[in-house]
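Inspection log for the structure reproduced underneath, given as structure tokens.
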Amino acid sequence: MTQAQPADRNLALELVRVTEAAAIESAKWQGRGDKNAVDQAAVDAMRAMLSTVDVDGLVVIGEGEKDEAPMLFNGEIVGNGRDPKMDIAVDPVDGTRLTAGGMPGALAVIAMADRGSMYAPGSLVYMDKIAVGEEAAGSIDINAPVAHNLRQVAKAKGKDVDEVTVVLLDRPRNDEYIRQIREVGARISLIGDGDISGSIATAKADSGIDVLMGIGGSPEAVTSACALAALHGEIQCKLWPRDESEREYAIEHGLDLNQVLTTRDLVDSDNTFFAATGVSSGSLLRGVRFYGKSVETHSVVMRSRSGTIRFVESTHRLDWLDEINAID
């Protein structure tokens with residue numbers, strides 16, 4: 001008999017404290033119409049809590065490129081400096097506009113993987129994407145026509161094409177996708193923000209979502225890849241420059257606009273960690289609920305090495321937390 005290796009740390013269980021803090025602080029601004037305040041509250045809370053985690057973290061996917069944030073920017077070192085050395089992707093609120101407007105589906109998100117494993121898109125903040133869950137993994141091709149991919153997903157899931165539901169961001173840049181999906185006869189679920197939750201929904205059996213398509217954020221693609229690695233799903237992406245200056249940027253930095261970026265290209269690690277906490281209630285997670293001095297959160301925690309998915313329900317005493325936390 002051989003002795004089993006001792007269990008190592010599941011960092012995702014430590015990261016959930018980070019997303020819980022970000023969700024609670026940002027949810028205090030829900031419906032107040034100030035998306036900048038939502039984002040700032042989440043960033044402050046996430047960074048403060050990250051400083052307590054035993055990790056030497058490098059922010060590869062941060063706030064800086066899209067939001068010009070002074071904290072949690074690309075290249076920032078976070079954690080308390082102890083090993084292990086990890087790459088980190090953060091989205092303090094995936095759906096700041098949703099939170100500010102009092103709309104559903106916002107999440108506080110963080111992902112982590114071995115140092116040097118995360119793809120860094122730099123200033124190219126958008127990607128063309130397709131993502132599916134485990135049943136349809138291996139059947140998609142981002143270079144193929146929309147109709148072909150939808151038929152492939154339908155076949156893999158034992159459905160007719162008109163039973164397939166596609167989630168995509170409701171943006172003018174996705175109008176051509178919408179036209180082609182309707183032409184094939186598939187269903188559409190449009191979302192205002194938050195395509196990380198859309199990617200994860202493709203791998204959740206009871207979500208009613210079969211595939212994500214369309215152009216969305218590059219940071220969200222890398223973060224989603226960390227989750228889909230644990231869910232045995234698949235994501236394929238291609239960089240999507242908005243203008244000629246971004247095309248020139250890609251050439252200068254050796255970024256191939258024609259390259260199909262797979263899940264493995266986005267995060268080249270067998271040891272990814274992902275945690276998300278609901279800010280406002282959506283199809284994946286319930287939002288933060290306040291009860292006087294107490295608050296409840298609902299989170300999901302994933303690790304790719306073990307394939308473990310946990311849903312975590314927590315009750316926090318705000319008055320006690322205020323005594324021990326540096327978050328104002």
Side-chain angles (χ1 to χ4, degrees), residues 12-32 34-35 37-46 49-50 72 89-112 131 133 167 169 189-209 212 216-217 219-220 223-224 226-228 230-231 273-292 294-303 308-318 321 327:
L13 295 174
E14 300 174 48
L15 295 180
V16 74
R17 295 176 58 242
V18 176
T19 57
E20 285 174 344
I24 291 169
E25 294 305 311
S26 59
K28 294 175 181 178
W29 292 89
Q30 186 171 347
R32 297 188 182 184
D34 189 342
K35 74 183 286 286
V38 170
D39 191 52
Q40 190 64 61
V43 168
D44 290 344
M46 182 169 278
M49 194 60 71
L50 261 176
L72 295 179
V90 298
D91 201 338
V93 180
D94 183 29
T96 52
R97 189 179 65 85
L98 298 178
T99 306
M103 295 179 284
L107 304 174
V109 179
I110 188 168
M112 192 178 289
V167 63
L169 289 168
S189 175
L190 292 174
I191 53 177
D193 284 294
D195 66 355
I196 293 176
S197 61
S199 296
I200 295 172
T202 65
K204 193 167 180 282
D206 60 353
S207 71
I209 301 298
L212 174 136
E220 289 82 355
T223 309
S224 296
C226 292
L228 288 169
L231 293 163
F273 305 91
F274 177 92
T277 301
V279 178
S280 56
S281 294
S283 59
L284 180 64
L285 296 168
R286 294 192 304 275
V288 177
R289 298 180 180 180
F290 294 94
Y291 301 98
S294 296
V295 60
E296 292 182 356
T297 57
H298 188 212
S299 307
V300 64
V301 177
M302 308 181 193
R303 185 187 188 188
T308 303
I309 314 298
R310 291 181 173 92
F311 284 89
V312 181
E313 297 183 4
S314 304
T315 301
H316 314 262
R317 281 291 301 263
L318 292 179
L321 287 175
I327 303 169

Please lay out, stage by stage, how Leu15 and Val301 fare under the test side-chain contact (heavy atoms from CB on, under 4.5 Å). CA-CA 8 Å; Leu15 295 180; Val301 177; over 6 Å; no
Enter the distance from [X]:[atom1] to [Y]:[atom2] here, rounded to the nearest 0.5 Å.
{"X": "Met46", "Y": "Asp91", "atom1": "CE", "atom2": "CG", "answer": "8.0 Å"}
{"X": "Glu220", "Y": "Asp193", "atom1": "CD", "atom2": "CG", "answer": "9.0 Å"}
{"X": "Ile24", "Y": "Arg289", "atom1": "CD1", "atom2": "CZ", "answer": "14.0 Å"}
{"X": "Leu50", "Y": "Arg17", "atom1": "CG", "atom2": "CZ", "answer": "10.0 Å"}
{"X": "His316", "Y": "Phe290", "atom1": "NE2", "atom2": "CZ", "answer": "10.0 Å"}

Can you tell if the side chain of [X] reaches within under 4.5 Å of the side chain of [Y], non-hydrogen atoms only?
{"X": "Met302", "Y": "Ile200", "value": "yes"}
{"X": "Gln40", "Y": "Trp29", "value": "no"}
{"X": "Phe273", "Y": "Leu13", "value": "no"}
{"X": "Ile196", "Y": "Phe274", "value": "yes"}

Tell me whether [X] contacts the main-chain N or O of [Y] through its side chain, where contact means a donor paired with an acceptor under 3.5 Å.
{"X": "Ser26", "Y": "Ala42", "result": "no"}
{"X": "Thr277", "Y": "His298", "result": "no"}
{"X": "Ser281", "Y": "Arg286", "result": "no"}
{"X": "Ser280", "Y": "Ala106", "result": "yes"}
{"X": "Thr99", "Y": "Gly95", "result": "yes"}

Is the CZ atom of Arg310 crowded by more than 12 outside heavy atoms at less than 6.0 Å? no
So, applying side-chain contact (heavy atoms from CB on, under 4.5 Å) with Ile110, which one of Thr19, Val16, Leu72 is it? Thr19
Smallest separation among heavy atoms of [X] and [Y], with atom names:
{"X": "Gly216", "Y": "Asp195", "result": "CA-OD2, 3.7 Å"}
{"X": "Ser199", "Y": "Thr202", "result": "O-OG1, 2.6 Å"}
{"X": "Leu107", "Y": "Ser197", "result": "CD1-CB, 3.7 Å"}
{"X": "Leu212", "Y": "Gly198", "result": "CD1-C, 3.7 Å"}
{"X": "Ile209", "Y": "Ser189", "result": "CD1-CB, 3.9 Å"}
{"X": "Gly278", "Y": "Leu285", "result": "N-CD1, 3.6 Å"}

Chi angles and distances behind the side-chain hydrogen bond (donor to acceptor under 3.5 Å, both in side chains) call for Glu20, Ser314: CA-CA 9 Å; Glu20 285 174 344; Ser314 304; 2.9 Å; yes
Quick one: do Lys28 and Glu25 make a salt bridge, cutoff under 4.0 Å? yes
